[in-house]
Each structure stands twice: as structure tokens, then as C-alpha cells.
Amino acid sequence: MIDFATQLTHLLGPQFSKEGLDPNLAEVRRSARPDLGDFQCNGALAGAKQKGENPRALADRILEALRGETMLRETSVAGPGFINLALSETALAEQANRLASDPQSGLTPVPRPLRVLVDFAGPNVAKPMHVGHLRATVIGDSLQRIGRALGHHVTSDAHFGDWGLQIGLLIISLEDEQPDLPYFKPDYNESMWLETPPVTMEDLDRMYPAASARMKEDEAYKERARKATAELQKGRPGYLALHKHFWKVSQVALEREFTALNIHFDLWKGESDVNYLIQDLVKQCKEKGVAVPDQGALVIQVARPEDKKEVPPLLLVSSEGSAMYGTTDLATIVEREREVRPELYLYVVDQRQSLHFTQVFRAAEKAGVSEESRLEHIGFGTMNGTDGKPFKTRSGGVIKLHDLITSCTERAMLKMQEGGYGQELSDQDRQTTARLVGTAALKFADLSNYRLTDYVFDLDRFTSFEGKTGPYLQFQGVRIKALLRKASEQGLSEAPIQVLLPEEKALVLTLDGFNAAVHLAFEKRAPHFVAEHVYGLAQAFSTFYVASPKILDEKDEAVRGSRLRLARAVLTQLELGLGLLGIQIPERM
RNA sequence: GCGCUGGUAGCUCAAUGGAUAGAGCGUCGGCCUCCGGAGCCGAAGGUUGGAGGUUCGAAUCCUCUCCGGCGCGCCA
């Protein structure tokens with residue numbers, strides 16, 4: 001099915017062509033002045049400009065040609081040349097029924113699907129996920145869901161950070177703690193492998209910050225770590241074995257978080273997975289003359305004459321002989337080109353890394369690995385505390401994602417208890433629901449902000465059941481489910497939708513806007529457009545719900561059936577829309 | 001210093017170059033013999049940081065400027 005805005009644009013397009021104008025000028029959108037019409041087209045203004053004539057006259061001619069169009073009830077030209085279009089009752093009712101019977105709720109796939117690779121979350125092996133990972137994870141997940149909903153062929157990759165200096169640091173840190181482990185013996189081989197990991201997640205969690213801090217002050221310590229990193233990358237068996245242990249231990253903790261957030265990846269690849277490609281990559285870059293020696297390292301110059309800022313070269317091989325994260329990023333593109341062949345790459349990573357991605361993308365182009373135009377960095381702002389500074393614990397430490405999820409879940413449970421809701425649920429169901437509500441609070445708060453702006457974390461506000469929050473939206477869904485459940489229990493059936501009340505019309509027009517909102521969200525790589533739409537839908541439903549009291553008691557079977565069907569259509573879209581944000585609606589809450 | 005990014009209602013945030021800049025929270029005033037009122041309706045609240053410019057039309061684009069956040073070769 002096709003939404004109204006598109007239908008109307010198609011209707012006006014030929015008229016613009018007939019006038020010798022670009023049919024793209026015919027673009028129709030929801031009216032900013034509902035008192036004047038349902039939709040508007042502003043193309044006559046720009047078109048008249050091009051032709052050097054009066055915009056109102058042009059608008060009049062365009063409308064003249066539309067006379068007798070059954071879709072339209074009324075048309076008018078207002079102001080300097082705005083074209084106002086009001087839909088006929090039949091058109092509204094027909095569209096409402098199409099929406100209600102469409103399992104996709106009006107969502108249409110893109111005409112040309114792309115193979116899209118979404119690289120997001122970027123957790124680090126050996127480091128628990130913290131608040132900083134939340135946005136990358138939630139935004140990336142939403143983009144993969146939106147992309148799929150639009151018919152794109154999406155491949156998501158968590159892209160673990162598991163090959164850099166951090167691993168070297170852990171290796172020497174462990175060496176200092178347990179020097180007798182076989183992995184440190186120069187002659188280590190696989191027969192000496194111990195099934196029991198030498199460390200727990202807690203150990204890693206403790207060791208890494210300490211080692212990282214020491215490195216900043218102790219130059220010799222840093223040198224050791226760099227050497228260990230280079231040796232690991234060269235394939236020292238004992239170090240590879242430790243890497244494997246670290247990886248496995250970390251993965252358990254990481255999966256716990258992703259499961260709690262209901263986020264899934266097609267690929268769980270990491271930097272270490274492309275190590276096998278690096279030697280060749282470096283060699284080829286050298287042969288092509290793309291990589292040049294510089295201060296003991298090997299770099300790819302990516303500066304351009306037109307640059308307004310200084311763009312430093314990408315470090316391909318450090319003076320220690322190790323791969324840097326730009327190197328693995330590049331090698332990862334090589335692998336993806338072979339295995340996925342993406343037409344579009346989306347890197348959902350903190351905005352602060354934009355310079356890094358500029359370097360990587362340019363280097364990829366220069367090295368002939370990929371095309372810069374297919375590579376996009378999707379940056380985002382930071383999550384701040386109520387003081388406006390990056391979110392920290394009271395003692396100034398980094399907040400772990402796990403603790404964040406837990407506190408949201410606990411707060412959700414508290415709110416449910418306070419309101420006396422969910423009492424009919426079993427303890428286990430209540431716990432599951434609380435988690436659904438808690439993560440909805442977290443996700444919606446994040447996704448309702450435009451990604452590039454920083455936002456303030458406010459647990460109390462996010463978990464509130466009133467206002468523009470995830471739990472509020474779930475609650476609206478739960479209310480509709482309750483209504484439909486009751487209708488079904490009473491044996492009441494649905495009927496074709498009739499658009500009688502102004503609130504019903506507003507609701508139908510809102511439903512019809514879903515498709516555009518989702519497309520816009522993907523085009524802008526900005527899920528908040530979906531969040532905005534879904535919230536607007538919930539509001540429009542509430543207004544309708546109050547305006548049509550006691551649907552179940554309605555004596556007119558046709559009216560009752562119509563409203564039930566409309567409610568169901570809203571629920572369908574609410575579930576789909578929230579689903580695109582990674583939010584589920586519980587049965588009860 | 002150079003660059004990126006943000007600055008919109010008291011607070012937190014929206015607004016694909018279009019008409020009268022919208023929500024939530026908070027404040028004030030209404031609506032409960034209610035299908036889940038955690039809702040709905042209304043009011044107050046804005047020189048869109050500032051100054052120029054482009055345009056029929058600017059929160060949006062350009063220039064300058066002020067304030068905040070961030071980045072700028074061997075960490076990721």
C-alpha cells in the first residue's frame with residue numbers, strides 16, 4: 001500500500017511536468033495548518049520562481065487539472081501560493097482499512113535494497129561494558145532493525161576490541177601476578193593448555209584499569225605492554241592462548257548484557273579475526289606506494305589539499321611492528337568486502353572518533369580496499385549526568401552497563417508496585433515484565449534524542465509511567481491489549497473502519513505517517529524519528545480513546561466494530577514501531 | 001591554535017528551506033457512576049545565544065562572533 005503523501009505527490013507530479021517543471025517539486029506533506037487542509041504542497045512557490053510567474057496562478061492551474069479527483073474533498077490555494085489538499089471521507093476510510101489489514105502497518109520496502117553492514121556496540125574483550133557502550137548498542141541495534149524492516153539486507157557485527165595494546169597490558173599484568181603459568185614459557189605449546197582460565201571476569205575487571213593507569217606513568221611498563229602486543233600479533237603461542245582465555249571469559253559477561261537488552265548480532269567478529277589479512281594488506285600498501293615510512297612507523301598519508309583541518313596519516317604499523325586500530329579497521333573492510341560485499345557500511349561509534357574514521361575511510365579508498373562513498377561513520381553524543389557532565393558514579397568511576405540495566409529494572413518494579421499493577425502476574429512474570437519495562441525506559445530515553453546531541457540521564461524521569469517515556473508507550477499498548485482481550489471475551493467482532501470523529505481522522509492520518517517516519521529515520525540514520533512517530537501515535541490514540549467512550553458498550557455494532565479494528569491497527573503499529581527501537585510491549589504490566 | 005559538534009519555553013528535548021516553532025516535566029485551571037484516569041482538555045510560558053547575509057520565505061543555508069562539549073601519530 002502507498003501512504004497518502006506519496007499518492008498525492010504522484011497525483012501532482014504530472015501537473016508540474018506539464019508546466020515544464022521538475023516533478024520533484026510536487027512533494028506533498030502533512031499540513032502545518034490542519035484548519036486549511038490535511039496535506040500541503042509548496043512546490044508552486046519554487047516552481048513559479050523558476051518560471052518567473054505568479055505562484056498563485058500556477059497553483060490554481062495545477063489544482064484545476066485535479067478537479068474531479070475522488071480522493072480529494074477540497075482544495076485551495078492560500079497565502080503566497082501554498083496548495084492545500086483535504087481528503088475525502090471515502091479516501092480516509094479506505095486507507096484506514098488498508099492500514100488495518102496490512103501486517104506491516106503501511107510500511108513499504110525501499111525500491112532498491114542494499115547490502116548493509118552495521119558495525120556497532122564495539123565491546124572490548126576484558127573490559128565490562130559501561131555506559132559509553134549503551135548508545136552505540138541501542139542506536140546500532142535500532143538501525144539494523146529499521147534497515148531490515150525496509151527490506152535492506154543487513155549484516156550486523158559487534159566488532160570486538162580484542163587485539164590492541166589492552167591485551168598486551170593484560171598479558172604483562174598477568175605475568176606479574178602469575179609468572180609460573182605455562183603461557184609465559186618461551187617454549188609453550190598447545191599440549192600445555194589448561195582448561196581452567198587463569199582469570200575470572202572480576203580479575204580482568206580489576207587488572208585492566210590498574211595496568212592502564214600504571215602505563216600512563218611508567219614508560220618502561222608501557223614498553224613491555226607494546227612488546228607483548230607485538231609478540232601476540234606475531235603469533236606467540238602462549239600469548240595467543242591467553243588471548244583465547246580472555247576472550248572466552250569476557251564473552252560470558254558480554255552475552256549477559258546483550259541478552260538483557262535483547263540485542264543480537266549476525267557476526268561476533270573481533271579485531272583479532274582479521275590478523276591473518278594484515279601482512280598482505282601491509283605488503284600491498286607498500287608495493288602500491290600507498291604506505292610510506294615515517295618516524296620509524298609505516299603510515300598512509302590521507303591529507304588532502306582542500307582540507308580545512310589537519311588530517312594526520314593513518315598509522316598502519318607502529319614503530320614496534322604492531323597493528324594499530326586503524327590497521328585492523330582497514331583489514332576488517334578487506335574481509336567484509338570478500339565475505340559480505342556491503343554496498344553501505346554504517347559504523348555506529350562515538351562522535352569523538354570521527355577523525356579516526358575520516359582517516360580509515362580515506363585510507364580504504366587510497367589502498368583500493370573499498371570506496372569512501374560507501375563508508376559512513378554514524379556518530380553520537382555522550383550520556384551525561386544531571387550535572388551535565390559525562391555520566392559517572394558518585395565516586396567518579398565509570399558506571400557499568402549491567403548496573404545501569406539493573407537499576408532501571410529495579411525502578412520499574414518499584415513503579416509497578418506503587419501503582420498496584422502487575423499483581424496478577426507470577427513472581428517470575430513480574431520480574432520479566434520489570435526487565436522489559438526497565439530496558440524500554442533506557443532505550444526510549446536514548447533513542448528519542450537525536451543521536452548527535454548529548455543527553456542527560458535521569459532514572460526517575462526515564463522510568464516514569466507518564467510523559468514521553470518507554471514505559472508510557474508500553475502502557476498504552478497494554479491498555480489496547482486489555483481492550484481487545486475484553487472484546488474477544490465478550491464475543492464482540494470487528495468491522496470495517498468508518499472515520500466518523502475528528503479524533504478518528506487525526507488518528508488515521510497519524511497511522512498513515514508511519515511509513516514516511518521509518519524511511520526518514522533510515523535515511524538520516526536517526527531512530528528518533530521513529531520514536532517521535534510512535535509517541536505521536538500513542539497520543540493520538542489517547543485522544544481518540546477519550547473521545548469515543550465505552551467502545552465495548554457501544555450499541556451500534558458497525559461503530560463498535562470499527563473502533564475495535566482501529567484500536568487493533570494502532571496496536572499493530574505501536575508494536576512494530578517500538579519493535580524498531582528494540583522495545584517490546586508486555587501483555588500486562 | 002585548527003577542526004568537529006551542540007546552543008530552541010523555568011527544566012529535558014523535537015521540528016526533511018515553508019504558513020501560527022512543537023512535545024514531556026514543572027506551574028495554574030478544568031474533566032472520573034472511567035473499556036487499565038499512569039489518561040484527556042485548556043492556560044501561562046519563546047527576539048530559536050548574538051550580529052550580518054542569501055531567499056518570495058530561515059531555528060534550518062552562508063559569514064562573523066559569544067558560550068558549552070569533544071578531537072587533533074604510534075591508546076581504542
Side-chain angles (χ1 to χ4, degrees), chain A residues 27 29 31-33 35-36 40 42 45-46 48-49 55 78-82 84 122 124 161 163-166 169 212 215-216 222 225-226 271 294-299 307-320 322 324-326 328-329 349-356 358-359 379 381-382 384 386 388-390 415 418-419 421 445 448-450 452-456 458 461 464-469 471-472 475-476 478-484 486-487 490 516 520 523-524 528-529 531-532 535-536 539 542-543 545-554 567 588-589:
Chain A
E27 189 191 333
R29 70 183 75 184
S31 179
R33 294 285 302 270
D35 51 321
L36 299 178
Q40 63 174 320
N42 306 327
L45 290 160
K49 173 83 179 174
F82 293 107
N84 292 311
N124 290 298
W163 205 234
L165 186 61
Q166 52 180 341
L169 273 171
S212 176
M215 173 187 80
K216 285 178 187 131
K222 184 174 179 179
R226 291 187 67 207
E271 297 171 330
D294 187 28
Q295 297 169 39
L298 199 62
V299 305
D307 286 340
K308 282 194 277 184
K309 61 182 169 186
E310 190 190 331
V311 182
L314 178 124
L315 265 163
L316 197 63
V317 183
S318 79
S319 52
E320 195 60 54
S322 59
M324 307 301 289
Y325 80 135
T328 49
D329 277 354
V349 183
D350 193 315
Q351 180 61 17
R352 285 176 291 194
Q353 297 206 27
S354 79
L355 182 57
H356 166 70
T358 301
Q359 294 172 290
T382 56
N384 295 334
T386 34
K389 291 175 184 163
K415 298 257 175 183
E418 277 173 7
Y421 291 101
S448 58
N449 290 296
Y450 176 55
L452 280 172
T453 58
D454 298 341
Y455 74 98
V456 176
D458 185 338
R461 189 160 62 82
S464 171
F465 280 43
E466 48 187 274
K468 197 173 180 176
T469 68
Y472 165 80
F475 185 74
Q476 293 306 316
V478 167
R479 285 176 77 190
I480 302 175
K481 285 187 182 186
L483 173 74
L484 296 174
K486 209 156 267 187
Q490 296 177 20
L520 184 64
E523 280 161 24
K524 304 280 178 193
H528 82 283
F529 286 109
E532 286 288 325
Y535 182 69
Q539 277 185 316
S542 275
T543 304
Y545 199 56
V546 168
S548 56
K550 298 194 181 183
I551 293 172
L552 297 179
D553 296 344
E554 172 64 51
R588 297 170 207 268
M589 65 187 274

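Lettering follows sequence order; numbering is per chain, from 1. Scope of the values below: all heavy atoms of this structure, side chains included, with no hydrogens, waters or symmetry mates. All values derive from a computational prediction rather than experimental measurement.
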[N] to [M] separation - [atom1] atoms, rounded to the nearest Å:
N      : M      : atom1 : answer
U47(B) : U8(B)  : P     : 12 Å
A44(B) : G30(B) : C1'   : 15 Å
U60(B) : A15(B) : C1'   : 9 Å
G17(B) : A59(B) : P     : 13 Å
C11(B) : G57(B) : C1'   : 32 Å
G46(B) : G7(B)  : C1'   : 14 Å
C61(B) : U20(B) : C1'   : 23 Å
C28(B) : A21(B) : P     : 27 Å

**Prompt:** Would Gln295(A) and Ser319(A) count as having a side-chain donor-acceptor pair, cut-off 3.5 Å?
**Reply:** no

**Request:** Give the intermediate values and the outcome of salt bridge (charged side-chain N to carboxylate O under 4.0 Å, His left out) for residues Lys468(A) and Glu532(A).
**Result:** CA-CA 9 Å; Lys468(A) 197 173 180 176; Glu532(A) 286 288 325; 2.8 Å; yes

Which part of the nucleic acid, if any, lies within contact of [X], taking any heavy atom under 4.0 Å across all strands shown: a base, the sugar-phosphate backbone alone, or nothing?
X         : result
Tyr472(A) : sugar-phosphate
Glu310(A) : nothing
Glu320(A) : nothing
His528(A) : sugar-phosphate
Asp294(A) : base
Leu315(A) : base
Ile551(A) : base
Asp329(A) : nothing
Lys308(A) : sugar-phosphate
Thr358(A) : nothing
Leu314(A) : nothing
Asn449(A) : sugar-phosphate
Val478(A) : base
Gly79(A)  : nothing

Shortest side-chain distance from [X], nucleotide among [options]:
X         : options                : value
Tyr455(A) : C13(B), C40(B), C74(B) : C13(B)
Leu452(A) : G37(B), G18(B), G6(B)  : G6(B)
Thr543(A) : C74(B), C41(B), U20(B) : C41(B)
Pro312(A) : C72(B), A19(B), G36(B) : C72(B)
Val456(A) : C35(B), G73(B), U12(B) : U12(B)
Arg29(A)  : U16(B), G36(B), A76(B) : U16(B)

My understanding is that a pair needs two contacts under 3.5 Å, Watson-Crick or G-U wobble. By that rule, which nucleotide pairs with [N]?
N      : answer
G1(B)  : C72(B)
G42(B) : C28(B)
A51(B) : U63(B)
G18(B) : C56(B)

**Message:** For Lys222(A), give me all partners under salt bridge (charged side-chain N to carboxylate O under 4.0 Å, His left out), at least two apart in sequence or on another chain.
**Reply:**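 Applying salt bridge (charged side-chain N to carboxylate O under 4.0 Å, His left out) to Lys222(A) gives none.
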
**Asked** How would you list, by chain and number, every residue that makes a salt bridge (charged side-chain N to carboxylate O under 4.0 Å, His left out) with Asp294(A), sequence neighbours excluded?
**Response**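 If we apply the salt bridge (charged side-chain N to carboxylate O under 4.0 Å, His left out) test to Asp294(A), skipping adjacent residues, there are no hits.
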
Quiz item: [X] side-chain donor-acceptor pair to [N] base, under 3.5 Å:
X         : N      : value
Glu523(A) : U16(B) : no
Asn84(A)  : A19(B) : yes
Gln539(A) : A23(B) : no

**Item:** Position toward the 5' end of RNA chain B (nearest nucleotide), Ala32(A) or Met215(A)
**Value:** Ala32(A)

**Complete:** Gln476(A) atom CD is separated from G37(B) atom P, nearest whole Å, by 9 Å

**Prompt:** Nearest-Å distance, OH (Tyr545(A)) to C1' (C35(B))?
**Reply:**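 That distance rounds to 4 Å.
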
**Asked** Is the Tyr450(A) ring parallel, tilted or perpendicular to the His528(A) ring (thresholds 30°, 60°)?
**Response** perpendicular

**Item:** Lys222(A) vs C75(B): side-chain N/O to OP1/OP2 distance below 4.0 Å
**Value:** yes

**Item:** OP1 or OP2 of C75(B) under 4.0 Å from side-chain N/O of Arg226(A)
**Value:** yes

**Message:** Syn or anti for C32(B), given that syn means the glycosidic angle lies within 90° of 0?
**Reply:**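 What C32(B) shows is a syn base, its glycosidic angle lying within 90° of 0.
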
**Message:** With the criterion set at under 5.5 Å between ring centres and under 30 degrees between planes, would A14(B) be stacked on Tyr450(A)?
**Reply:** no

